[in-house]
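Note on naming: letters A, B, ... go to the chains in the order of the sequence lines (proteins, then strands), and numbering restarts at 1 for each one. All values reported here derive from a predicted model rather than from experimental measurement.
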Amino acid sequence: MTIKDLQKALRQNIRDYGMYIALIIIMAIFTFLTKGIFISSRNIANLLNQTGYIAVLAVGMTLVIIIRHIDLSVGFLSGFLGAIAAVMLVNWHMSVWVTLPAVLVLGILAGLLTALPVAKLGIPSFVASLAGWLIYRGALLMVTSSTGTIVIPDKVFTAIGNGYIPDFMPADSPFLPGLHKLTLLLGLFAIIWFIISEINARKSKQAYNFEVPPSDMFVLKLIFMTIILGLITWVLAGYNGLSWTVVIMLVVVLVFDYIAKQTVVGRHIYAVGGNPEAAELSGISVKKVTFMVFGAMGFLTALSGILFASRLQSATPTGGTLFELDCIAAAYIGGVSAAGGVGKITGSLIGALVYMSLMNGMNLLGTDISLQYVIRGAVLAVAVIFDVTTRKVRR
Amino acid sequence: MNTPILEMKNITKDFPGVKALSDVSFEVRSGEIHCLVGENGAGKSTLMKVLSGVYPYGDYSGDILFEGKTQKFKSIADSERAGIAIIYQELALVPELSVYENILLGHEIKRGPSVNWNETIKKANEMLKKVRLDINPASKVKDLGVGRQQLVEIAKALSKDVKLLILDEPTAALNEDDCDNLLDLLRHLRDEGVTSVLISHKLKEVIRIADTVTVLRDGKTICTLDAKRGEVSEQILIKHMVGREINNIYPERKGRKSDEVVLDVRDWNAYDPKLGRVVLKDVTFNLKKGEIVGFAGLMGSGRTELAKSIFGNPDGYEIRGELRIKDQVVHLRSPKDAIDAGIAYATEDRKGNGLILIQDVKQNITLANLHQISRRGVVDVNAEVKTATEYKEALNIKTPSVEQQVVNLSGGNQQKVSVAKWLFVDPDVLILDEPTRGIDVGAKFEIYTIMNRLVEQGMSIIMISSELSEVLGMSDRIYIVSSGRITGELPTVEATQEKIMQLATS
Ligand SMILES: Nc1ncnc2c1ncn2[C@@H]1O[C@H](COP(=O)(O)OP(=O)(O)OP(=O)(O)O)[C@@H](O)[C@H]1O
Ligand SMILES: [Mg+2]
């Protein structure tokens, strides 16, 4: 393999890897500007925990945008559902194990409710969810009006947004002192799992006599990904290890990515986004898909509300403000297309990371908040322009 | 007459994985009607897109001389300025706008900063007169039939002072009357000094109208034939296009049909609440096992509506009547119900509601039957590629791989993908709505052969087609539809073009 082959492969896949490269560049710049504070274990852990509630929303929003809709209600809905969780725990003294599933179910119901006028009557989702935005904002104020901010003392609940997975050995044990051993072990498992599944996929392709990339390219890819995964594990293990937020975020991304890419349901979602009439005539119920996607969005909104309330250890009257726009921005940075039918779940995770890295890095630098908005806007614009132009080149 | 108005020399154009044009030369003389023919994917549309600047200078190699001058068109606007107008395979009108707005769209007549509507209407009227279309210019384009829309497109092109008019398969979606009308118009325009290039798969009309014919095959110029010297005949064209001789366009069918009725429709009425009109009235027909039944009729006679109303009624008509499948009364509430009941419907509008253009060939082929290649709701992508590749080979779909986006396929090859998609469903009743629209002779023969094989294996096919010769050539029986009613039923042996036309216009 020559450098030329590599260049060619890179050029062909620039759209897929562009966001990763952008993320790495942004991280490198902030690391340089903050003299290394940005990349410290502590800050990265913090950044990932901040990303959690936006990434979870961005995953749902990506699906919604793929089927040519939008959901503006998710911001205040997540704030409202966070407040409901607080009320259930604090005012009604309910167990956290009842509260969590109940709130998630409520989220699904809210999502289906938004989908109802959209799927049944053809009301534009912009309008339907704008109504939801207003309603949930009012509802959130109502719930918090008598008490103001509701402080949540429940240990289990607050651990979701602040806690870390336990370790099987004390951190100061002589073996690898200062590192979180379970995190290291999980990272190792992840690398092994990745390599095995890649090899299996390759074998199965060869069994069908399909073309596979040359073996040196393949090995290079494996080595590269191993290094990346290893680095992430190392950095995380250097602080408190994996946080529950990161675990939840990863599970959500993996599960939804699998659904979108590998399952019949996922295919139906992309088909509806690509051409709803053709999908309907192919025996796919556009209504059902719409309900499903908005239901999933509602579920993820509830999850995001829980993550956020847990992180703040309280529910506030302004919880969830602007989340809808943040996650829409993350989804677009992640490469979803407004024309429908195009977008990746992993893209939305990267989009959320890019977006939150900017916020986190600029906060570290003490950048003025007004300038922060301008820079975030500029990055969004650049990302979308990049996306549109690279898509043309492919044609 | 003999000076060339256009010379394209050594044009080469590559797409990733496909050499669409290699070293093509194409010369059009001033004042002639020049037909461009060739198989699906031969490169006809691509050549015209190179000419009109859709693929800008530098995107291809070779030279273009128009009226003796070397041209380097960077965009469509450049070629329009030079006097070249192109009407694409798919119409480019705005359905919600009026006829006159459409005609002058993009080069509006202005007075100061605002549009001068009176002048616009006057100019539009002139243009409509030129194309001999007698309609109210204020009517919306979506309310016109396809034939008239086509004429509006030409009026639009003429309003730009065109010297060379290019029409990419303008007659594919037209019925015979509209076709005749259009060909007449081209002759008339020729007399007025407009040169035309016409791309078509309908060889009969090519023979009728062409002064010169150029044949492309696999991205190369095969030959240029002069009609006046008697060099053009159907046999010759087919031979050059396909590279071999096809003697019988409609292949023989073996095997006999049974008397078992698989689909029985009785007193079928449909009302469209959205448009507020009756679309089908007292339709009664049946379909037997192993039979091909043709549905003939004019554009807009209600054949597509009939097919859709049976296929789970996706447009939400209010329906009265009885539908029996194998003697069981069924109520199909969605296309999914219909597919589960063994009915498949390949639409006439492959781009609008047939295919998902941004997805690849394999995903389109498997979409209606994903369960076949998945286990517990998880798609087996390898099995998918294998299946799609089989259909690609069986139907001879020209594409570098089944992972190519459908939008990048030529029109005819898209049509094949759309047929493949429904073959994969393996239904009992297959409804094909204009299955060979825009398909070349060779591929038509392939599709006919496949149809025959399917009915020999016991499938039943309803073929809706506006091409009478095809209906006559392929069907066992023919129903004629007019204004939402069935106005006649003929066994093919008794049917003639005249009889059908008479019933179709009654
Ligand atoms: N944008 C594109 N990207 C990749 N391949 C393309 C693209 N456009 C056309 N092709 C390929 O170039 C070849 C020529 O296509 P073209 O549309 O010119 O055929 P055509 O002669 O017009 O066929 P038809 O009669 O079916 O319309 C085909 O193989 C097609 O798949
Ligand atoms: Mg074409």
Side-chain angles (χ1 to χ4, degrees), chain A residues 8 11-12 66-68 120-122 200-212 255 257-289 292 336-343 391-395, chain B residues 15-16 307-308 311-312 314-315 333-340 343-347 349-360 363-386 389 401-403 405-408 418 421-422 425 433:
Chain A
K8 197 173 140 218
R11 215 176 313 121
Q12 278 169 355
I66 285 174
I67 63 162
R68 306 184 177 191
K120 289 276 180 202
L121 302 173
N200 279 343
R202 188 179 164 87
K203 271 199 191 134
S204 142
K205 276 199 172 178
Q206 280 168 330
Y208 276 92
N209 279 325
F210 296 155
E211 212 178 316
V212 288
V255 168
D257 186 56
Y258 183 76
I259 293 175
K261 272 201 202 127
Q262 311 283 348
T263 65
V264 173
V265 171
R267 282 301 179 76
H268 286 183
I269 291 173
Y270 282 100
V272 167
N275 185 342
E277 287 93 21
E280 185 78 43
L281 286 179
S282 304
I284 298 166
S285 166
V286 175
K287 268 184 201 153
K288 208 166 106 192
V289 169
M292 244 163 14
V336 74
S337 151
V342 178
R391 194 170 299 162
K392 265 195 204 130
V393 170
R394 270 259 199 98
R395 287 259 159 99
Chain B
F15 292 111
K308 277 192 172 174
F311 185 66
D315 293 337
R333 293 202 173 75
S334 67
K336 180 166 189 326
D337 285 357
I339 293 170
D340 291 344
I343 305 181
Y345 169 65
T347 100
D349 180 7
R350 56 177 177 252
K351 294 208 168 169
N353 58 21
L355 298 170
I356 298 177
L357 295 176
I358 56 167
Q359 292 193 351
D360 60 25
Q363 286 170 334
N364 272 283
I365 290 180
T366 56
L367 184 63
N369 194 16
L370 274 174
H371 290 283
Q372 180 88 29
I373 47 153
S374 46
R375 233 183 313 148
R376 278 185 254 110
V378 179
V379 179
D380 179 349
V381 180
N382 291 326
E384 180 177 37
V385 174
K386 194 158 167 275
T389 309
S401 88
V402 293
E403 259 129 24
Q405 284 189 345
V406 168
V407 70
N408 291 337
S418 158
K421 165 177 165 181
W422 292 108
V425 174
D433 199 348

[X] vs [Y] side-chain heavy atoms within contact, under 4.5 Å:
X         : Y         : value
Lys261(A) : Val381(B) : no
Thr366(B) : Arg267(A) : yes
Leu281(A) : Phe311(B) : yes

Hey, which of [options] has the most heavy atom pairs under 4.5 Å with chain A?
options                                    : result
Asn382(B), Asp337(B), Ile373(B), Leu367(B) : Asn382(B)
Ala368(B), Ser401(B), Gly377(B)            : Gly377(B)
Val385(B), Thr347(B), Asn364(B), Ile339(B) : Val385(B)

Heavy-atom distance under 4.5 Å to chain A: side chain of [X], backbone, both or neither?
X         : answer
Val425(B) : neither
Glu384(B) : side chain
Thr389(B) : neither
Ala338(B) : neither

Would you list the pairs meeting salt bridge (Lys or Arg N to Asp or Glu O under 4.0 Å) in which at least one residue belongs to residues 368-380 of chain B, sequence neighbours left out?
none

Can you say whether Ile259(A) sits under 4.5 Å from chain B via the side chain, the backbone, both, or neither, judging by heavy atoms?
neither

The interface call for Tyr270(A) against chain B, heavy-atom contacts under 4.5 Å, is both

Specify the closest pair of heavy atoms between [X] and [Y], including all atoms of both residues, with the distance to one decimal.
X         : Y         : value
Ala278(A) : Leu355(B) : CB-O, 3.9 Å
Ser374(B) : Val264(A) : OG-CG2, 3.3 Å
Gly352(B) : Glu277(A) : O-OE1, 3.9 Å
Gln359(B) : Ala271(A) : NE2-N, 3.7 Å

With sequence neighbours left out, write down each residue that passes side-chain hydrogen bond (donor to acceptor under 3.5 Å, both in side chains) with Asp433(B), or none if nothing qualifies.
Thr304(B), Tyr345(B)

Atom pair CG (Leu370(B)) and NE2 (His268(A)), whose distance is rounded to the nearest 0.5 Å
5.0 Å

Keeping Asn275(A) on the side-chain end and Gly354(B) on the backbone end, is there a donor-acceptor pair under 3.5 Å?
no

